[in-house]
Participant: 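Below you will find the structure I want to go over with you.
What you see is a predicted model; the values in this text were computed from it and never measured.
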Amino acid sequence: YVKKTFLCKKVKYINGFIDLEKLKNDACLNNNNLRRFSNINLENSICLSSAIINHKGILEFLEIYNEYKTKLKNDYLRLIIIGDGPILKECLKYCEKKGLKYELNSKIFNNNSDLYFTGHLENPISIIQKCRLFVMPSFHEGLSNQLLEAIYSGIPIIASNCSGNTFIFSEIVKENPNYINSHFLKLLPTIKNQKIKSLWAKELIFYTKNFKGIKYKNPIKLIQNFSSKVNFPKWEILINKILESEKIN
C-alpha cells in the first residue's frame, strides 16, 4: 500500500539480516542435537523447522506427508519437526488418527518411527544440513531465518509462495539463477485445498527420488545480501540521518 502513495518517497527499504558468522559456527558444532539422532540416517529424512502454530501450515503438511507416505510405501523419507507451540497436541492427535508412528522429545530417537518431534532447539542448523530435504509450508512469512538457514545448508527446499519466501526467491534469482533453475528452492502454492496438497505430495516424491546425496556448492553466496555485514551499515546510516534531521528540526 505504501508503495502506491506519496509515502513511498519517505520510506527506506532495507533487508532484515542474518548473522553468517554465528550460522557458520553453529553448523560446525557436533552437539547434543545430533547425538539424539545417532540411530538414524538423517540423509533419509525431511526436515521442517518452525514454531508449531496455525499459520505455519504444519497440520496441513502432515496431511500431505501422510498422502506421500502412502504413495511411496516403503521408500518414503522420515519427517523431523523441529519446534514447539500451541497446536503440537493437534499434530500428535492427527498422527495417532492416521497411524503415523511418532516420537516426542526423546533423548535418543529410535529408527522405526515415521515422525520425530524434537521440541525447540537452539541450534537446528546442525540437523537441517544433514537431511535430504527441507520444507516450509507457511501461509505467511516475513524474512524467515529458518529459510535462510536451510539455504545455507545447501539441501533442496520446498516452500510456500507466501510474500516473505517469494522475496528471498526473487533476490536470489537476480544474482544466482542457476540455484533456482536447479530446483534447489522450489516455491509451491500455499496449502488451501486437496488439489494443492496432492501437488506438494507429488513434489515430495520427485525430490525423494532425484536428490539423494545432492547438495548445492558454496551456498553461502546465496544469502550474503541478507547478512548483518551487508545490511547493518545501511541501518546505521539511516538512523544517523534520522537523528541528524531531528537535531535540525
Side-chain angles (χ1 to χ4, degrees), residues 18 22-53 56-59 61-62 64-66 68-69 72-85 87-89 91-92 94-96 98-138 144-159 184-185 200 204-205 207-216 219-220:
I18 189 167
K22 182 179 185 304
L23 192 57
K24 182 179 179 180
N25 292 334
D26 287 347
C28 294
L29 293 175
N30 185 14
N31 56 23
N32 290 327
N33 295 339
L34 286 176
R35 294 189 191 101
R36 295 172 70 182
F37 287 95
S38 57
N39 295 329
I40 297 165
N41 182 4
L42 290 173
E43 214 278 324
N44 291 329
S45 303
I46 300 167
C47 185
L48 193 166
S49 178
S50 170
I52 304 179
I53 51 183
K56 296 293 187 176
I58 296 174
L59 271 171
F61 185 76
L62 286 178
I64 292 166
Y65 181 75
N66 187 51
Y68 153 83
K69 177 179 177 292
L72 272 188
K73 298 180 180 178
N74 295 324
D75 296 324
Y76 66 93
L77 302 177
R78 294 180 171 93
L79 176 59
I80 297 170
I81 298 180
I82 301 171
D84 202 351
I87 66 165
L88 174 60
K89 288 184 179 179
C91 293
L92 301 181
Y94 178 84
C95 292
E96 291 164 3
K98 295 297 181 179
L100 295 169
K101 298 178 182 179
Y102 69 86
E103 288 185 58
L104 174 65
N105 296 336
S106 299
K107 290 184 178 180
I108 300 291
F109 291 109
N110 64 54
N111 64 358
N112 60 1
S113 294
D114 303 315
L115 289 96
Y116 304 93
F117 294 89
T118 70
H120 173 74
L121 299 179
E122 289 296 330
N123 177 20
I125 187 67
S126 59
I127 294 173
I128 293 170
Q129 65 185 347
K130 294 185 180 298
C131 292
R132 175 90 60 91
L133 177 66
F134 184 87
V135 294
M136 176 172 278
S138 306
S144 170
N145 275 15
Q146 285 96 342
L147 182 55
L148 294 175
E149 288 173 351
I151 292 169
Y152 176 85
S153 76
I155 67 172
I157 299 162
I158 300 175
F184 274 90
L185 176 56
W200 275 72
L204 287 179
I205 292 170
Y207 279 84
T208 298
K209 291 182 176 180
N210 295 287
F211 277 80
K212 185 174 183 179
I214 299 175
K215 289 195 174 185
Y216 193 80
I220 193 169

Participant: Side chains of Phe184 and Ile214: closer than 4.5 Å at any heavy-atom pair?
Facilitator: yes
Participant: Hey, does the side chain of Glu43 reach the backbone of Gly213 with a donor-acceptor pair shorter than 3.5 angstrom?
Facilitator: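 Yes: the side chain of Glu43 pairs with the backbone of Gly213.
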Participant: To the nearest 0.5 Å, how far apart are CD in Glu103 and SG in Cys95?
Facilitator: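 Rounded to the nearest 0.5 Å, the CD-SG separation comes out at 12.0 Å.
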Participant: Taking the side chain as C-beta and beyond, is there a heavy-atom pair between Arg132 and Ile155 under 4.5 Å?
Facilitator: no
Participant: Is there a side-chain contact between Pro124 and Asn33 in this structure, where contact means two heavy atoms from C-beta onward sitting under 4.5 Å apart?
Facilitator: no
Participant: Do you know which of Leu148, Leu23, Ile128, Ile127 makes side-chain contact (heavy atoms from CB on, under 4.5 Å) with Ser153?
Facilitator: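 Filter result, single survivor: Ile128.
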Participant: Working note: Leu77 + Leu72, criterion side chain to side chain contact (heavy atoms under 4.5 Å, CB included); need CA distance, chi angles, decisive distance, verdict.
Facilitator: CA-CA 9 Å; Leu77 302 177; Leu72 272 188; over 6 Å; no
Participant: Can you name the closest pair of heavy atoms from Ala51 and Ile58 and give their distance?
Facilitator: O-CD1, 3.6 Å
Participant: At their closest point, which heavy atom of Leu92 faces which heavy atom of Leu104, and how far apart are they?
Facilitator: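 In this case the closest contact between Leu92 and Leu104 is CD1-CD2, 3.9 Å.
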Participant: Under the side chain to side chain contact (heavy atoms under 4.5 Å, CB included) criterion, do Tyr152 and Ile220 qualify, and how do the steps go?
Facilitator: CA-CA 6 Å; Tyr152 176 85; Ile220 193 169; 4.1 Å; yes
Participant: Supply the atom-to-atom distance Phe37 CZ to Ser106 OG, rounded to the nearest 0.5 angstrom.
Facilitator: 9.0 Å
Participant: List the steps and the verdict of side chain to side chain contact (heavy atoms under 4.5 Å, CB included) for Leu121 and Arg36.
Facilitator: CA-CA 12 Å; Leu121 299 179; Arg36 295 172 70 182; 3.5 Å; yes
Participant: If you compare all heavy atoms of Ser113 against all heavy atoms of Arg78, which two are closest, and at what distance to 0.1 Å?
Facilitator: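 Scanning both residues completely, I find the closest heavy atoms to be O-NE, 3.0 Å.
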Participant: Is Ser126 close to Asp26 at the side-chain level, that is, under 4.5 Å between some pair of heavy atoms?
Facilitator: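 No, every pair of side-chain atoms sits at 4.5 Å or beyond.
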Participant: Could you measure the distance from the CD1 atom of Ile158 to the CG atom of Leu133? Nearest 0.5 Å is fine.
Facilitator: 5.0 Å
Participant: Could you tell me which non-hydrogen atom of Asn110 sits nearest to which non-hydrogen atom of Tyr116, and how far apart they are?
Facilitator: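 For Asn110 and Tyr116, the tightest heavy-atom pair comes out as O-OH, 2.8 Å.
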Participant: Quick check on Lys215: does its NZ atom have over 12 non-hydrogen neighbours (other residues, nucleotides or ligands) under 6.0 Å away?
Facilitator: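 Yes - once you tally the heavy atoms of other residues, nucleotides and ligands closer than 6.0 Å, there are more than 12.
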Participant: How many angstroms lie between atom CG of Leu48 and atom NZ of Lys56, to the nearest 0.5 angstrom?
Facilitator: 9.5 Å
Participant: Heavy-atom distance under 4.5 Å between the side chains of Ile64 and Val135, does that happen here?
Facilitator: no
Participant: Under the side-chain hydrogen bond (donor to acceptor under 3.5 Å, both in side chains) criterion, do Tyr68 and Thr208 qualify, and how do the steps go?
Facilitator: CA-CA 10 Å; Tyr68 153 83; Thr208 298; 2.8 Å; yes
Participant: Can you tell me how far the SG atom of Cys47 sits from the CD1 atom of Ile82, to the nearest 0.5 Å?
Facilitator: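 Answer for the SG-CD1 pair, Cys47 versus Ile82, is 3.5 Å.
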Participant: Run Phe134 and Ser49 through side chain to side chain contact (heavy atoms under 4.5 Å, CB included) and show every step you take.
Facilitator: CA-CA 8 Å; Phe134 184 87; Ser49 178; 3.9 Å; yes
Participant: Indicate yes or no: at least one non-hydrogen side-chain atom of Ile80 is less than 4.5 angstrom from one of Leu42.
Facilitator: yes
Participant: Search all heavy atoms of Lys101 against all heavy atoms of Asn112 and return the closest pair with its distance.
Facilitator: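 Closest approach of Lys101 to Asn112: CD-O, 3.6 Å.
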Participant: Just verifying a value: how many Å separate Cys91 SG and Leu59 CG, rounded to the nearest 0.5 Å?
Facilitator: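 Result: 4.0 Å between the selected atoms.
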Participant: Using a 4.5 Å cut-off on heavy atoms from C-beta on, say whether the side chain of Asp114 contacts that of Tyr76.
Facilitator: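 Counting from C-beta outward, Tyr76 and Asp114 do come under 4.5 Å.
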Participant: Looking at every heavy atom in both Tyr65 and Leu79, which two are closest together, and how far apart are they?
Facilitator: OH-N, 3.6 Å
Participant: When you compare the side chain of Tyr216 with that of Ile151, does any pair of heavy atoms fall below 4.5 Å?
Facilitator: no
Participant: Using side-chain hydrogen bond (donor to acceptor under 3.5 Å, both in side chains), reason through Glu96 and Tyr102 one step at a time and then give a plain yes or no.
Facilitator: CA-CA 8 Å; Glu96 291 164 3; Tyr102 69 86; 2.6 Å; yes
